[in-house]
Engineer: 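Supplied in structure tokens, the structure appears directly below.
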There are 2 protein chains.
Amino acid sequence: MQNQLDVSVDCVLFGFDGEGLKVLLIEQGLDESGSLSKDQVQTALPGDLVYLDESLDASAERVLKELTSLDGIYLKQFHTFGDPQRVKGLKDQDWLRSFRANPERRVITVAYYSLVKMEDYQPQPSSFAGKAIWVDVNEIPDLAFDHNDIAEKALTVLREELDSKHIGFELLPEKFTLSQLQLLYEIILDKKLDKRNFRKNIKKMDQVIPLDEKQQGVFHKPAQLFRFDKENPED
Amino acid sequence: MQNQLDVSVDCVLFGFDGEGLKVLLIEQGLDESGSLSKDQVQTALPGDLVYLDESLDASAERVLKELTSLDGIYLKQFHTFGDPQRVKGLKDQDWLRSFRANPERRVITVAYYSLVKMEDYQPQPSSFAGKAIWVDVNEIPDLAFDHNDIAEKALTVLREELDSKHIGFELLPEKFTLSQLQLLYEIILDKKLDKRNFRKNIKKMDQVIPLDEKQQGVFHKPAQLFRFDKENPED
DNA sequence: GAATAAAGTGTAAATTGCACACTAAGTAGT
DNA sequence: ACTACTTAGTGTGCAATTTACACTTTATTC
């Protein structure tokens with residue numbers, strides 16, 4: 001009595017570059033020859049099959065680490081996608097065959113999202129067969145499988161969890177100004193926030209610690225820098 | 001390139017009997033002889049392997065329907081459990097063998113929770129090999145696999161989603177009083193609520209509709225009855 | 001008709017959320 | 001050194017929401 005599906009993890013990796021919210025995607029060619037003709041490029045979320053002796057969380061961490069060589073960053077399981085046709089029924093089965101799944105088999109995927117400081121991001125070229133690219137969340141192209149659905153849901157969940165979990169900081173550099181933080185919130189939530197009210201709220205959180213340091217290299221009033229203290233439990 | 005895991009769904013089915021919040025569990029004997037010696041009984045959440053051509057949601061609905069023969073009731077995926085040892089590494093592998101999974105294989109499970117009116121619950125004896133029993137959430141015995149973790153997480157998620165999704169009503173009989181509803185909320189949230197404030201909040205929701213009918217057979221002032229209108233979108 | 005048991009109802013105070021505009025501090029250019 | 005520019009930083013009043021709190025009503029039972 002078995003059903004024998006393949007199980008993968010996919011990771012929606014968010015980054016922020018000061019302009020827009022980005023997602024990391026993998027661009028992958030059809031063949032291994034290295035010759036990428038434009039219309040044979042497939043774009044997908046980073047993901048991999050789960051190893052037989054590895055937990056789901058460990059698997060997602062591994063995918064993340066292969067991309068960024070970073071440990072201990074925010075990573076959250078948010079949904080499992082298991083439509084029978086999500087992989088099998090695709091048009092371009094040739095591409096599939098060369099990618100990672102046997103097109104005769106069904107793959108369900110456990111999706112995680114993750115927030116990384118782009119300053120820490122060090123692409124590891126050899127880890128995925130394709131090239132890693134950052135794409136603005138508003139400009140995500142057609143992705144493989146149901147990865148557009150996965151990315152969309154990740155963004156929805158990020159928005160829902162942003163306030164309650166105070167995770168926005170994870171996307172900023174080590175030291176940041178409150179204006180940078182506010183801009184990030186505005187971009188994620190896709191709405192303007194009032195400066196004074198925003199600052200009032202932030203200053204209630206004692207995970208946000210002012211530094212004895214000011215912003216440098218700007219031609220206007222330099223801003224106070226802050227850092228985020230992960231260890232300090234909020235409530 | 002395959003990993004070949006088994007995938008199941010497990011369902012945490014909540015019910016309310018006016019006293020406490022209950023969970024439906026399946027009691028299962030070691031052998032098929034029908035002779036259940038007490039210490040060979042295993043208790044577990046209802047669940048099953050996902051069929052090869054069936055979506056995860058459909059699979060959870062099927063499990064639910066096998067138990068209750070009910071359709072269209074609230075059912076929500078809340079987490080996927082995939083520790084490599086969650087099934088394989090158990091002590092009592094003999095029992096496992098007879099249950100539903102090959103102990104040599106790894107099973108990951110997508111967990112759903114669901115809310116059912118106990119008045120609607122009609123156990124379908126033949127659908128699961130074992131006997132279905134309602135157990136108070138505070139008195140859940142040792143369950144198979146990691147089912148205690150699953151049940152605990154389901155309860156956490158139910159608490160979190162109770163307010164935002166207005167799903168408490170799903171647990172009450174067709175016609176209910178506000179006191180019954182308040183008691184249910186108090187039990188789920190495990191705290192006392194203020195009667196007047198509670199009623200103010202409920203009366204804001206236009207999904208809760210007063211009936212031209214009063215409670216009968218009580219030795220005190222009879223209460224107004226209400227029903228819940230699922231169709232009316234809240235916001 | 002008296003006792004009992006739960007239903008049902010309003011108000012005031014405290015808290016939180018929201019809108020709103022000016023001063024401060026630095027840089028760049030003259 | 002002064003002016004223009006640009007973003008940082010700060011407080012208050014009003015509205016809305018949340019919280020705390022106690023008595024009257026309506027039925028049943030004896």
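Only this structure's heavy atoms are used, side chains among them; waters, hydrogens and symmetry mates stay out. In what follows, chains are A, B, ... by sequence order, proteins preceding strands, each numbered from 1.
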Engineer: From A/L75 CG over to A/I73 CD1, what is the distance, rounded to the nearest 0.5 angstrom?
Structural biologist: 7.0 Å
Engineer: If you apply the rule side chain to side chain contact (heavy atoms under 4.5 Å, CB included), what do you find for A/F81 with A/I150, and how did you get there?
Structural biologist: CA-CA 8 Å; A/F81 296 81; A/I150 296 176; 3.6 Å; yes
Engineer: My understanding is that only residues two or more places apart in sequence, or in another chain, count here; which of them pass side-chain hydrogen bond (donor to acceptor under 3.5 Å, both in side chains) with A/E54?
Structural biologist: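 Scan of A/E54 (side-chain hydrogen bond (donor to acceptor under 3.5 Å, both in side chains), adjacent residues dropped) gives A/S59, A/R62.
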Engineer: Which of residues 180-189 of chain B sit near DNA chain D, with a heavy atom under 4.0 Å from it?
Structural biologist: none
Engineer: Does the distance from a Lys or Arg side-chain N to an Asp or Glu carboxylate O, for A/K175 and A/E213, drop under 4.0 Å?
Structural biologist: yes
Engineer: Heavy atoms, side chains only, cut-off 4.5 Å: are B/L143 and B/Q42 in contact?
Structural biologist: no
Engineer: Dump the intermediate steps for salt bridge (charged side-chain N to carboxylate O under 4.0 Å, His left out) on A/E174 and A/K117, then the final yes or no.
Structural biologist: CA-CA 8 Å; A/E174 210 66 56; A/K117 302 185 207 322; 5.3 Å; no
Engineer: Polar pairs (N or O, both sides) under 3.5 Å between protein and nucleotides 1-4 of chain D?
Structural biologist:
none

Engineer: Are there more than 12 heavy atoms of other residues, nucleotides or ligands under 6.0 Å from atom CD of B/E152?
Structural biologist: no
Engineer: Rounded to the nearest angstrom, tell me the gap between atom CG in A/N201 and atom P in C/dG17.
Structural biologist: 7 Å
Engineer: May I ask you to say whether B/K165 pairs ionically with B/E161, meaning some side-chain N is under 4.0 Å from a carboxylate O?
Structural biologist: yes
Engineer: For the pair B/Y74 and B/Y113, name the ring-plane relationship: parallel under 30°, tilted 30 to 60°, perpendicular over 60°.
Structural biologist: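 Ring orientation, 0 to 90° scale: tilted.
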Engineer: Could you tell me whether the side chains of B/D10 and B/T109 share a donor-acceptor contact shorter than 3.5 Å?
Structural biologist: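 B/T109 and B/D10 do have a side-chain donor-acceptor pair below 3.5 Å.
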Engineer: Any non-hydrogen side-chain atom of A/F226 less than 4.5 Å from a side-chain atom of A/F169?
Structural biologist: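 Result no, sub-4.5 Å side-chain heavy-atom pair not found.
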Engineer: Specify the separation, in whole Å, of atom CG of A/D163 and atom C1' of C/dG17.
Structural biologist: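 Taking atom C1' of C/dG17 as the reference, CG of A/D163 is at 13 Å.
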Engineer: Rounded to 10°, tell me the angle between the two end axes of the helix from C/dG1-D/dC30 to C/dT30-D/dA1, each built from five pairs.
Structural biologist: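 Here the helix ends are tilted 0° relative to one another.
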Engineer: Where does the angle between the aromatic ring planes of A/Y121 and A/W134 fall among parallel (under 30°), tilted (30 to 60°) and perpendicular (over 60°)?
Structural biologist: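 The arrangement is perpendicular - the two ring planes meet at more than 60°.
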Engineer: Determine the sole option in A/D194, A/I202, A/L193 for which the side chain to side chain contact (heavy atoms under 4.5 Å, CB included) test with A/Q182 is passed.
Structural biologist: A/L193
Engineer: Walk along nucleotides 9-15 of chain D from 5' to 3' and tag each nucleotide B, S or - by protein heavy-atom contact under 4.0 Å, base first, then sugar-phosphate.
Structural biologist: BBBB---
Engineer: Could you state the CD-P distance from B/Q215 to D/dA27, rounded to the nearest angstrom?
Structural biologist: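 My rounded result for the distance is 12 Å.
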Engineer: Does the side chain of B/L162 come within less than 4.5 Å of B/L189's, by heavy atoms?
Structural biologist: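 Contact flag for B/L189/B/L162 side chains = yes.
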Engineer: Could you check how far CZ of A/F198 sits from C1' of C/dG17, rounded to whole Å?
Structural biologist: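 In whole Å, C/dG17 C1' lies 16 Å from A/F198 CZ.
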Engineer: Check nucleotides 27-30 of chain C against the protein and report each pair of N or O atoms closer than 3.5 Å, with its distance, or say if there are none.
Structural biologist:
none

Engineer: Taking the side chain as every heavy atom from C-beta outward, state whether B/L178 and B/K203 have any pair of such atoms under 4.5 Å apart.
Structural biologist: yes
